[in-house]
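Working notes for the structure below.
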Amino acid sequence: MRPDARAWFESRTSSAPCLDALDLDALLRAKRRGQHRVSVVLPARDEEATVGGLVADLHEQWVQRVPLVDELLVVDSDSTDATAAVARAAGVDVVAAADVLPGHGSRPGKGEALWKGLAATTGDLVVFLDADLLGDVRHFVPGLLGPLLADPQVEYVKGCYTRPLDVAGASVPAGGGRVTELTARPLLNALWPELAGFVQPLGGEYAGRRSALERVPFVSGYGVEVGLLIDLLQLVGLGGLAQVDLGVRRHISQGQEALGRMAGQVVSTVLARAGRGQAGGLLTQFRHDGAGFVPHSTAVAVDERPPLATVAEYRALLGDVVVG
Ligand SMILES: O=c1ccn([C@@H]2O[C@H](COP(=O)(O)OP(=O)(O)O)[C@@H](O)[C@H]2O)c(=O)[nH]1
Ligand SMILES: O=C(O)[C@@H](COP(=O)(O)O)O[C@H]1O[C@H](CO)[C@@H](O)[C@H](O)[C@H]1O
């Protein structure tokens with residue numbers, strides 16, 4: 001690693017306490033001292049199998065038992081299953097991405113759900129969690145908030161973790177993060193070596209100050225994480241970024257072909273941010289039908305939403321809501 005990346009890695013990497021080791025009083029004092037309001041946003045597309053238990057645990061722990069979280073919102077990203085109903089039955093608010101900022105229409109993709117989730121919430125601190133997480137991840141919330149509560153210079157915190165890959169019933173201890181290891185990490189090391197200290201640049205768990213998040217664009221698809229990292233580096237500098245070790249992260253993993261399309265969106269975003277503009281914007285993959293290879297192409301061109309701070313409808317929304 002370059003000296004600046006190593007210095008960052010050593011000074012801006014912390015570890016999240018496990019739930020039992022947390023000083024809950026100190027955590028709530030820090031929240032009150034900073035007069036913070038905390039929103040947790042989970043983008044969810046077809047996550048009926050996992051979203052209910054996940055949000056029920058988070059709600060019980062951080063809304064009912066310990067008042068750390070003020071808003072817990074699932075953003076239904078055009079799900080075709082019972083994601084919304086399952087999440088509502090678990091006692092949390094659900095909004096359809098298409099219903100947020102309706103004047104701006106609706107686009108597919110995870111980044112669109114996150115942008116709409118930021119617009120639909122009011123906390124000055126916002127935590128983003130994937131909705132397909134497995135196991136007890138309640139400590140992720142205070143872990144991600146910790147650096148933001150402790151240091152006003154920190155604007156954005158990425159979770160990092162080991163990522164076992166569960167495939168066909170077998171678990172590969174560090175097999176997860178395939179797009180990270182095979183695409184994002186090599187590209188970021190080549191083009192933004194100052195970001196080489198990020199263990200999980202694509203990780204789906206992160207938190208930030210609304211004042212920063214509303215000043216960057218949101219790539220509409222899977223390029224959103226790499227886009228946010230690059231854009232927030234430009235906005236707040238390496239000193240405004242941090243990462244926190246959350247332990248182990250398990251989730252519902254996709255197959256190679258789907259990850260190939262995800263990688264295509266990540267590459268398109270990186271090339272666009274590196275000034276290479278839009279290449280072809282198409283990714284062609286191949287299947288074999290027994291007689292020969294059959295190409296099939298998907299669009300991976302970068303589509304993004306502007307910084308929310310530039311959206312009049314959003315400013316009006318904030319103006320109508322008392323934040324505190
Ligand atoms: O169009 C989409 C695609 C994904 N997601 C959500 O974004 C998170 C991460 O997506 P996914 O699990 O597909 O990515 P992976 O974790 O496999 O990299 C999950 O909560 C998805 O439900 C979403 O809200 N809209
Ligand atoms: O990190 C990665 O390589 C990908 C795929 O992870 P796995 O190989 O399925 O564990 O997962 C992440 O990347 C996506 C694109 O940035 C994020 O949207 C996901 O939340 C994150 O899990």
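Counting starts at 1 for both ligands and their atoms, following the listed order.
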Could you state the interatomic distance from [atom1] ([X]) to [atom2] ([Y]), rounded to the nearest 0.5 Å?
X	Y	atom1	atom2	answer
Asp57	Trp62	CG	CH2	12.0 Å
Arg138	Cys18	CZ	SG	11.0 Å
Arg29	Leu149	CZ	CG	12.5 Å

Go through it in stages, so that I can follow the logic: the residues are Arg45 and Glu112, the test is salt bridge (Lys or Arg N to Asp or Glu O under 4.0 Å), and I'd like the CA-CA distance, side-chain angles, deciding distance and then a yes or no.
CA-CA 11 Å; Arg45 174 170 171 76; Glu112 172 78 354; over 6 Å; no

Is the closest side-chain heavy-atom distance between Val69 and Leu58 below 4.5 Å?
no

How are the rings of Phe128 and Tyr206 set to each other: parallel, tilted or perpendicular (split at 30° and 60°)?
tilted

Heavy atoms only: which of [options] is nearest to [atom]?
atom	options	answer
atom 7 (O) of ligand 1	Arg107, Lys110, Glu112, Lys116	Lys110
atom 10 (O) of ligand 2	Gly177, Ala184, Gly204	Gly177
atom 15 (P) of ligand 1	Arg178, His251, Glu47, Arg249	His251

Nearest protein heavy-atom contact for [atom]: which residue, which atom, what distance?
atom	answer
atom 16 (O) of ligand 2	Glu225 OE1, 2.8 Å
atom 12 (O) of ligand 1	Asp132 OD2, 3.0 Å
atom 14 (C) of ligand 2	Met262 SD, 3.7 Å
atom 11 (O) of ligand 2	Arg163 NH2, 3.2 Å
atom 2 (C) of ligand 2	Thr180 OG1, 3.4 Å
atom 21 (C) of ligand 2	Leu202 O, 3.4 Å
atom 9 (O) of ligand 2	Arg178 NH2, 2.9 Å
atom 19 (C) of ligand 2	Asp130 OD2, 3.7 Å
atom 6 (C) of ligand 1	Pro43 O, 3.5 Å

Do any N/O atoms on Ala131 end up under 3.5 angstrom from N/O atoms on ligand 1?
yes

Is Arg45 in polar range of ligand 1, meaning some N or O pair under 3.5 Å apart?
yes

Quick check on contacts: which atoms of ligand 1 are under 4.0 angstrom from a heavy atom of [X]?
X	value
Tyr222	3 (C), 4 (C), 10 (O), 11 (P), 13 (O), 14 (O)
Met262	14 (O), 15 (P), 18 (O)
Asp130	8 (C), 9 (C), 16 (O), 20 (O)
Gln254	11 (P), 13 (O), 14 (O), 15 (P), 17 (O)
Ser77	1 (O), 2 (C), 23 (C), 24 (O), 25 (N)
Ala44	22 (O), 24 (O)

Main-chain N/O of [Y] paired with [X] side-chain donor or acceptor, under 3.5 Å:
X	Y	answer
Thr83	Glu48	yes
Arg276	Val270	no
Ser253	Gly176	no
Thr269	Gly227	no
Asp130	Asp132	no
Glu155	Gly240	no
Gln200	Tyr161	yes
Glu205	Phe140	no
Arg210	Thr121	yes

Has ligand 2 got any nitrogen or oxygen that is less than 3.5 angstrom from a nitrogen or oxygen of Val179?
yes

Ligand 2 N/O within reach of Gln200 N/O, cut-off under 3.5 Å
no

Determine whether the side chain, the backbone, both or neither of Arg249 has a heavy atom under 4.0 Å from any heavy atom of ligand 2.
side chain

Under 4.0 Å between heavy atoms, the region of Leu259 that gets near ligand 2 turns out to be side chain

Contact with ligand 2 for Gln256, non-hydrogen, under 4.0 angstrom:
no

Assess Glu205 for proximity to ligand 2: is some non-hydrogen atom of it under 4.0 Å away?
no

Using a 4.0 Å cutoff against the non-hydrogen atoms of [X], which atoms of ligand 2 qualify?
X	value
Tyr222	15 (C), 16 (O), 18 (O)
Gly176	8 (O), 10 (O)
Lys110	17 (C), 18 (O), 19 (C), 20 (O)

I'd like to know whether ligand 1 has Gly204 as a neighbour, heavy-atom separation below 4.0 Å.
no

Evaluation steps, salt bridge (Lys or Arg N to Asp or Glu O under 4.0 Å), between Asp151 and Arg12:
CA-CA 11 Å; Asp151 185 343; Arg12 283 290 195 214; 2.9 Å; yes

Does one side chain, of Arg178 or Gln254, offer a donor that lies under 3.5 Å from an acceptor on the other?
no

